[in-house]
Amino acid sequence: MLRIQAIRDQKDAIIEALKKRNIDATPLIQEVLELDEKRRATQTKLDNTLAEANKLSKEIGMLFKSGKAQEATALKEKTGALKEESKQLGDELNAAADTLQTLLYQIPNVPHESVPAGNSEEDNEEVFAEGDIPELTSNALPHWELAKKYDIIDFELGVKITGAGFPVYKGKGARLQRALISYFLDKNSEAGYTEIQVPHLVNEASGYGTGQLPDKEGQMYHVTEDDLYLIPTAEVPLTNMFRGEIVNEKDFPFCYTAYTPCFRREAGSYGAHVRGLNRLHQFDKVEIVRVERPDDSYVALDGMVEHVKTILRELKLPYRILRLCGGDLGFTSALTYDFEVFSTAQDRWLEISSVSNFETYQANRLKLRYKDANGKSQLAHTLNGSSLALPRVLAGILENYQTENGIQIPEVLVPYCGFSTID
RNA sequence: GGAGGAAUGGCAGAGUGGUCGAAUGCGGCAGUCUUGAAAACUGUUGAGGGUCACACCUCCGGGGGUUCGAAUCCCUCUUCCUCCGCCA
């Protein structure tokens, strides 16, 4: 959520920047400012009323103490009207504050200046590419065929147990999954990210903290009995560790990594592009999250991008990095880099990581602050990225590493797997 | 799941109707002393709204109530602890 102070100070710049997202925020911002004005005016009135009531109460106390009960009783009568007034003003204040909050939730984050304008993924800007696209034989198979051929992933079995989008990994497939998780976690730990295990269900407040709520509840599985949500990403519990915290400036940066399964309803996604591992309701992901001092957050973002690069380099997968355009940028993000691996047998790019800087947008919702040198509270910056999402990396490995004699395991994974070929 | 107890500032912990945003200790920060550090001593140290700055207002787990007045009394929810039951 944008800071109301920022909207007051830089209204025009914010409206201008939001145009990159192809929205005209003018009416919304205008409404916000009017409401903010009203809220503050009401607050002042209420404060004055309460101040008067407080004063009277004190006087009554004194009078009773000095035995002047009659005068005290006379004063009591005056408080009735004040009470009535403050109640009404309080209700007005709450109503204004609630509406203001609702409006603020509707304004997306302001894109970073480097974000290109654009409407769709077509307009994303390729900023980097690396790795050779392998020459496959003419009878090369997409990963879902390979999974069946070597009996390592069973989609039908998942349908039987749960439903579409819940695959069952078997034998070397399961082992390869576990190897990837361990490998990613090890790489992240080496890079200074502290490994964490988090709950896979979160409460409503956490959903609001990172921005899944109130807008995207349809994307999360909701356990209504206990009012908990299955996490769509480890970002939610990891970032919410900091909800309501005031951290010490000298403790920056905070770097965490966690492996979790991720649950997404993916309502409305069907068709060829969601075949196999391309889009699932449950998948595994290793996430990295950072909390930074505002001045350092873009250096940190670059650092995260470099880190993910080293992993893909070691896996020897062909990939590219896109800077998302305004139209494709997530609601809460200021700048996002997507990593895509080339799926040779499908002849398409698959998104495997998304690395974002949210600046103060999440921190403002989370009330995640630090004390600056002057002892003032400031909002921190939050960032996160996948490092990495498993299914599409797996798809990339299966397809790009397929040979006549089976699927070769990338060298760095062999020690984790305990085998070098799936055949 | 049943019975009882508890929730106060970074932490510990006092406060059971008015002068309490809250004693005290620890921790943090600044200073004195010291070549420097430690110790000792002195000062300072919750958050939010509001203001040019003050004033002022709100917050003692969340919500509601009683009262002129609530950290303190009542209701309710949540969480934690103890005992019992169940159990990976």
Side-chain angles (χ1 to χ4, degrees), chain A residues 1-9 32-104 197-209 213 223-229 237 240-252 254 261 291 360 362-380:
Chain A
M1 161 170 92
L2 294 182
R3 289 170 306 129
I4 187 69
Q5 191 62 51
I7 296 177
R8 272 188 228 152
D9 294 346
V32 162
L33 287 174
E34 280 165 22
L35 226 84
D36 177 49
E37 196 73 40
K38 189 182 168 204
R39 199 209 87 230
R40 276 185 295 161
T42 312
Q43 176 89 60
T44 305
K45 267 198 243 168
L46 175 62
D47 284 359
N48 292 338
T49 311
L50 288 174
E52 207 175 322
N54 286 344
K55 220 174 85 189
L56 281 178
S57 290
K58 268 184 194 154
E59 280 175 31
I60 290 170
M62 303 279 246
L63 288 172
F64 270 124
K65 246 181 201 161
S66 52
K68 298 175 184 161
Q70 206 161 15
E71 286 178 50
T73 312
L75 271 188
K76 268 195 199 180
E77 275 163 31
K78 282 172 76 179
T79 59
L82 289 174
K83 222 176 161 184
E84 195 58 39
E85 194 181 344
S86 61
K87 177 157 170 43
Q88 199 183 329
L89 285 169
D91 289 347
E92 253 177 70
L93 181 68
N94 285 341
D98 283 355
T99 315
L100 183 60
Q101 179 85 332
T102 307
L103 290 178
L104 284 173
Q197 289 199 0
V198 291
H200 298 167
L201 282 84
V202 293
N203 58 28
E204 194 178 42
S206 291
Y208 276 95
L213 297 174
V223 183
T224 51
E225 180 90 33
D226 298 293
D227 202 16
L228 296 173
Y229 296 86
N240 272 284
M241 294 198 302
F242 290 90
R243 175 152 45 85
E245 294 295 316
I246 299 178
V247 301
N248 215 322
E249 187 175 18
K250 62 173 188 271
D251 292 335
F252 282 122
F254 297 88
V291 177
T360 59
Q362 286 182 332
N364 193 28
R365 286 196 180 186
L366 292 160
K367 297 285 169 273
L368 160 51
R369 292 156 296 175
Y370 69 97
K371 291 265 189 221
D372 67 14
N374 302 319
K376 295 253 310 177
S377 292
Q378 303 286 353
L379 292 171

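Per chain, numbering begins at 1; letters A, B, ... match sequence-line order.
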### Query
Roughly how many Å is it from CD in A:Glu249 to C1' in B:rG28, rounded to a whole number?
15 Å
### Query
Where do A:Phe252 and A:Val247 come nearest, in terms of heavy atoms and distance?
CZ-CG2, 3.8 Å
### Task
Scan every strand shown for a Watson-Crick or G-U wobble partner of B:rA3, both distances under 3.5 Å, and answer none if you come up empty.
B:rU82
### Message
Side chains of A:Asn54 and A:Ser57: any donor to acceptor distance under 3.5 Å?
### Response
no
### Task
Measure from CG on A:Asn248 to C1' on B:rG27 and round the result to the nearest Å.
12 Å
### Query
Can you find a side-chain donor-acceptor pair between A:Arg40 and A:Gln43 that sits under 3.5 Å?
no
### Message
Work out how far the P atom of B:rG27 is from that of B:rG18, and round it to whole angstrom.
### Response
33 Å
### Message
Any side-chain N or O of A:Asn54 below 4.0 angstrom from OP1/OP2 of B:rU58?
### Response
yes
### Query
How long is the line joining CG of A:Asn203 and C1' of B:rC77, in whole Å?
15 Å
### Task
For B:rA22 versus B:rU76, give the span between their C1' atoms, rounded off to a whole number of Å.
26 Å
### Interatomic distance at P, B:rU16 relative to B:rU72, whole Å
12 Å
### Query
Within the structure shown, what part of the strands sits under 4.0 Å from A:Ser377 by heavy-atom distance: base, sugar-phosphate, or nothing?
sugar-phosphate
#### Entry: Heavy-atom side-chain proximity of A:Tyr370 to A:Val291 below 4.5 angstrom
no
### Query
What nucleotide, of B:rU58, B:rG48, B:rC56, holds the atom closest to the side chain of A:Asp47?
B:rC56
### Task
Sugar-phosphate atoms are those with a prime plus P, OP1 and OP2; base atoms are the rest. Using that split, label each nucleotide of nucleotides 62-69 of chain B B, S or - for protein heavy atoms under 4.0 Å, 5' to 3'.
------BS
### Message
What's the gap between B:rC74 and B:rC80 when it is taken at their C1' atoms, as a whole Å value?
### Response
23 Å
#### Entry: Complementary nucleotide of B:rC20, counting Watson-Crick and G-U pairs under 3.5 Å
none
### Message
In this structure, how many angstroms lie between the P atom of B:rC52 and the CG atom of A:Asp9, rounded?
### Response
12 Å
#### Entry: Residues, nucleotides or ligands: over 12 heavy atoms within 6.0 Å of A:Lys45 NZ
no
### Query
Taking any strand in view, what nucleotide pairs with B:rA38 in a Watson-Crick or G-U wobble way, both distances under 3.5 Å?
none
### Message
Tell me every residue that passes side chain to side chain contact (heavy atoms under 4.5 Å, CB included) with A:Lys250, counting only those two or more places apart in sequence or in another chain.
### Response
A:Asn248
### Query
Considering every strand shown, what is the Watson-Crick or G-U wobble mate of B:rC54 when both distances are under 3.5 Å?
none
### Task
Provide the distance between the two C1' atoms, one in B:rU45 and one in B:rC77, to the nearest whole Å.
34 Å
#### Entry: Rounded distance in Å between the C1' positions of B:rA14 and B:rC26
15 Å
### Query
Looking only at heavy atoms, which two atoms of A:Pro261 and A:His200 are closest? And how far apart?
CD-CE1, 3.3 Å
### Query
With nearest nucleotides of RNA chain B determined for A:Arg39 and A:Leu46 from heavy-atom distances, which residue corresponds to the more 5′ nucleotide?
A:Arg39
### Query
In the structure shown, which nucleotide is the Watson-Crick or G-U wobble counterpart of B:rA70, with both distances under 3.5 Å?
none
### Message
Assess, by modelled atom type and distance only, whether the side chains of A:Asn48 and A:Glu52 contain a donor and an acceptor separated by less than 3.5 Å.
### Response
no
### Any-strand Watson-Crick or G-U partner of B:rG43, both distances under 3.5 Å
B:rC29
### Query
How far does the C1' atom of B:rC73 sit from the matching atom of B:rC56, given to the nearest Å?
29 Å
### Task
For B:rU51 versus B:rG43, give the span between their C1' atoms, rounded off to a whole number of Å.
28 Å
### Task
Please determine which of A:Leu89, A:Asp91, A:Asp47 meets the side chain to side chain contact (heavy atoms under 4.5 Å, CB included) test together with A:Thr42.
A:Leu89
#### Entry: Atom-pair distance (CD on A:Glu245; C1' on B:rG10), nearest Å
10 Å
### Task
Would you kindly give the CG-to-P distance between A:Asp227 and B:rU79, to the nearest whole Å?
12 Å
### Query
Atom CG of A:Leu100 to atom C1' of B:rG49: distance rounded to whole Å?
13 Å
### Task
Both distances under 3.5 Å, Watson-Crick or G-U wobble: report the partner of B:rG61, or none.
B:rC77
### Task
Round to the nearest Å and state the distance from A:Glu204 atom CD to B:rC77 atom C1'.
15 Å
#### Entry: Distance below 4.0 Å between A:Arg40 side-chain N/O and B:rC57 OP1 or OP2
no
#### Entry: Closest-nucleotide 5' rank along RNA chain B - winner of A:Thr44 and A:Glu52
A:Thr44
